[in-house]
Trainee: 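What follows is a structure written as structure tokens; I'll ask about it next.
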Amino acid sequence: MENQSLAKRQTAIEALAARLQVSAGQLQKTLQATAFKECKTPEEFVAAVIVANTYQLNPLLGEIYAFPGKKGGVTPIVPIDGWISLMNKHKNAEGVLDHDGIE
């Protein structure tokens, strides 16, 4: 029974692709050419995708991207668009925030 549930689980890229309604292969190619182009290894890419999934951020809208780390590797960065998205998803959000903080 446990093997059946493991077989049904999606990979990180499949989960993100399903949320964005695109194929996993096309999304991976797109992200590797855009928001996650700094990812030099498959492990860095998967880590960035996992962070995007964890916080329900859309890398194609500039809500998260991979930035080269000072000690090698990459660091997932959440710019203002990502923070606005996170704030608007919060249960205590009263309105929609804009870049300048005006509701």
Trainee: Hey, what do you get for CG (Leu86) to CG (Asp81), rounding to the nearest 0.5 Å?
Mentor: 11.0 Å
Trainee: Examine Ile77 and Leu16 and state if one hydrophobic cluster contains both, with Ile, Leu, Val, Met, Phe, Trp and Tyr joined whenever side-chain heavy atoms are less than 4.5 Å apart.
Mentor: no
Trainee: For residues Val78 and Glu63, report the shortest heavy-atom separation together with the two atoms involved.
Mentor: CG1-O, 3.6 Å
Trainee: Transitively linked via ILVMFWY side-chain contacts under 4.5 Å: Leu57 with Tyr65?
Mentor: no
Trainee: Could you go step by step and tell me if Glu44 and Thr41 meet the side-chain contact (heavy atoms from CB on, under 4.5 Å) rule?
Mentor: CA-CA 5 Å; Glu44 291 174 353; Thr41 67; 3.2 Å; yes
Trainee: If you look at every heavy atom in Thr34 and Thr30, which pair is closest and at what distance?
Mentor: OG1-O, 2.7 Å
Trainee: If every non-hydrogen atom of Glu38 is compared with every non-hydrogen atom of Pro68, which pair is closest and at what distance?
Mentor: OE1-CG, 3.5 Å
Trainee: Passes side-chain contact (heavy atoms from CB on, under 4.5 Å), Lys40 versus Phe45? Steps please.
Mentor: CA-CA 8 Å; Lys40 303 299 182 207; Phe45 180 79; over 6 Å; no
Trainee: Is it possible for you to say whether Leu31 and Val22 belong to one hydrophobic cluster, with membership spreading through side-chain heavy-atom contacts below 4.5 Å?
Mentor: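 Shared cluster, yes.
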Trainee: Are Ile50 and Ile13 grouped together when hydrophobic residues (ILVMFWY) are joined by side-chain heavy atoms under 4.5 angstrom apart?
Mentor: no
Trainee: Measuring from Arg19:CZ to Gln10:CD, what's the distance to the nearest 0.5 Å?
Mentor: 11.5 Å
Trainee: Which heavy atom in Pro76 sits nearest to a heavy atom in Ile64, and how many Å separate them?
Mentor: CB-CD1, 4.1 Å
Trainee: What distance separates Trp83 CH2 from Tyr55 OH, expressed to the nearest 0.5 Å?
Mentor: 8.0 Å
Trainee: If I take atom CD from residue Gln32 and atom NZ from residue Lys37, how far apart are they, to the nearest 0.5 angstrom?
Mentor: 13.0 Å
Trainee: State, yes or no, whether a side-chain contact exists between Leu27 and Leu60 at a heavy-atom distance under 4.5 Å.
Mentor: yes
Trainee: Minimum heavy-atom separation for Cys39 to Ala48, with atom names?
Mentor: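 Shortest heavy-atom separation between Cys39 and Ala48 comes out as SG-CB, 4.2 Å.
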Trainee: So which atom in Ala66 and which in Val74 form the shortest heavy-atom distance, rounded to 0.1 Å?
Mentor: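 Shortest heavy-atom contact: CB-CB, 4.2 Å.
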Trainee: Counting distance only, does the side-chain N/O of Gln21 pair as donor-acceptor with the main-chain N or O of Ala18 below 3.5 Å?
Mentor: no
